Amino acid sequence: MSAKMLSAALLAAVVIAIGPAAPAQARGDLVGMAESYAPGTIVVKTGERHLYFVVAPGTAIRYPVGVGRAGQQWAGTSVIEAKFVEPDWAPPPDIRRENPKLPLLIPGGSPHNPMGVAAMTLAGLDYAIHGTNQPSSIGHFVSHGCIRMFNEDVSDLFGRVGVGTPVVVTR
């Protein structure tokens, strides 16, 4: 059996073992991953503008994301500290300085709320992995450091992870 056929058979076995990669959403792709992260780890590759959720050794679900603008990117490790469905959003001071006309609070569920349908905050940081009300921003350097996902994708990831899930952000 050729190495290519063996790789395809292994990937098929992983897909069968873990089930389909979120049939309700169309943007997450099951992909191979050269780096060795433990299953259950979220890896954000800022330069690629992709988030990977590791499902098995060498295999991950890849989602497109929007990431921090130049000068507002970060790298490091954290964990999911909390999870919220339709979170309220209070613009932090740096965003309010850029946009002083923003309200003090935008309620969850509002079409003006940039957090989208769900958010997962990162421990020790003022950042979150969240949905968006601007789907055209996905795939770009657009945020103040948060990781933006399509609402369908953040809902899928939200259902796969719990509080304490490790998060690694690389440039």
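In what follows, every heavy atom counts, from backbone to side chain, and hydrogens, waters and symmetry copies are set aside. What you are looking at is a predicted structure, and each value in this text was computed from that prediction instead of being measured. The chain is numbered in sequence order, starting from 1.
Shown here are the ring-ring contact (aromatic ring centres under 6.0 Å, His included) partners of Tyr127, two or more places apart in sequence or in another chain: Trp74.
In the hydrophobic cluster analysis, where Ile, Leu, Val, Met, Phe, Trp and Tyr join through side-chain heavy atoms closer than 4.5 angstrom, Phe53 is grouped apart from Val163. Cluster annotation: Ile106 and Ile95 are assigned to the same hydrophobic cluster (Ile/Leu/Val/Met/Phe/Trp/Tyr, side-chain heavy-atom contacts under 4.5 Å, transitive).
Checking side-chain atoms of Lys83 against main-chain N and O of Ala119 turns up no donor-acceptor pair under 3.5 Å. Within the 3.5 Å criterion, the main-chain N or O of Gly131 finds no donor-acceptor partner in the side chain of Asn151. The closest donor-acceptor contact from the side chain of Asn113 to the backbone of Pro87 lies under 3.5 Å.
Taking the side chain as every heavy atom from C-beta outward, Arg96 and Leu104 approach each other to under 4.5 Å. Between Val43 and Met33, some side-chain heavy-atom pair lies under the 4.5 Å cut-off. A 4.5 Å side-chain heavy-atom check between Gln73 and Phe141 finds at least one atom pair inside the cut-off. Here the side chains of Ile138 and Thr132 are in contact, with some heavy-atom distance below 4.5 Å. Contact annotation: the side chain of Val55 never approaches that of Pro39 to less than 4.5 Å [non-hydrogen atoms, C-beta and beyond]. Contact annotation: the side chain of Leu30 approaches that of Thr59 to within less than 4.5 Å [non-hydrogen atoms, C-beta and beyond]. Annotation: side chain of Asn133 is not in contact with side chain of Trp89 (no heavy-atom distance under 4.5 Å). With contacts defined as side-chain heavy-atom distances shorter than 4.5 Å, the pair Val161/Met120 qualifies.
Taking both residues in full, the closest heavy atoms of Val154 and Ile129 are given as CG2-O, 4.4 Å, listed atom of the first, atom of the second, then distance. Scanning all heavy atoms of the two residues, the minimum distance from Cys146 to His130 falls at CB-NE2, 3.4 Å. Of all heavy-atom pairs spanning Ala128 and Met115, the tightest one is CB-CE, 4.3 Å. The two residues Ser78 and Leu125 come nearest to each other via the heavy atoms CB-CD1, 3.9 Å. For Ala56 against Val54, the heavy-atom pair with the smallest separation is O-CG1, 3.5 Å. Contact detail for Gly40 and Thr165: the closest heavy-atom pair is O-CG2, 3.1 Å.
No hydrogens or angles considered: nothing links the side chains of Tyr63 and Asp29 as a donor-acceptor pair under 3.5 Å. With hydrogens and angles left out, the side-chain atoms of Ser143 and Arg148 include no donor and acceptor closer than 3.5 Å.
Applying the side chain to side chain donor-acceptor pair (under 3.5 Å) test to every pair with at least one member in residues 35-50, sequence neighbours left out, gives these pairs: Glu35-Lys45, Glu48-Tyr52.
Atom NE2 of residue His144 and atom CG of residue Asp126 lie 12.5 Å apart, to the nearest 0.5 angstrom. Taking CG of Asn99 as the reference point, atom CZ of Arg97 lies at 11.5 Å (rounded to 0.5 Å). Atom CG of residue Asp156 and atom CG of residue Asp153 lie 7.0 Å apart, to the nearest 0.5 angstrom.
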Hey, mind stepping through Met149 and Leu51 against side chain to side chain contact (heavy atoms under 4.5 Å, CB included) and telling me if it holds? CA-CA 9 Å; Met149 300 179 76; Leu51 178 150; 4.2 Å; yes
Run the numbers on Val44 and Val168 for side chain to side chain contact (heavy atoms under 4.5 Å, CB included), then give the verdict. CA-CA 6 Å; Val44 179; Val168 178; over 6 Å; no
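Atom CG of Asp94 is surrounded by more than 12 heavy atoms from other residues, nucleotides or ligands within 6.0 Å.
Of the listed residues (Thr121, Leu157, Ile42), just one forms a side chain to side chain contact (heavy atoms under 4.5 Å, CB included) with Ile80, and that residue is Ile42.
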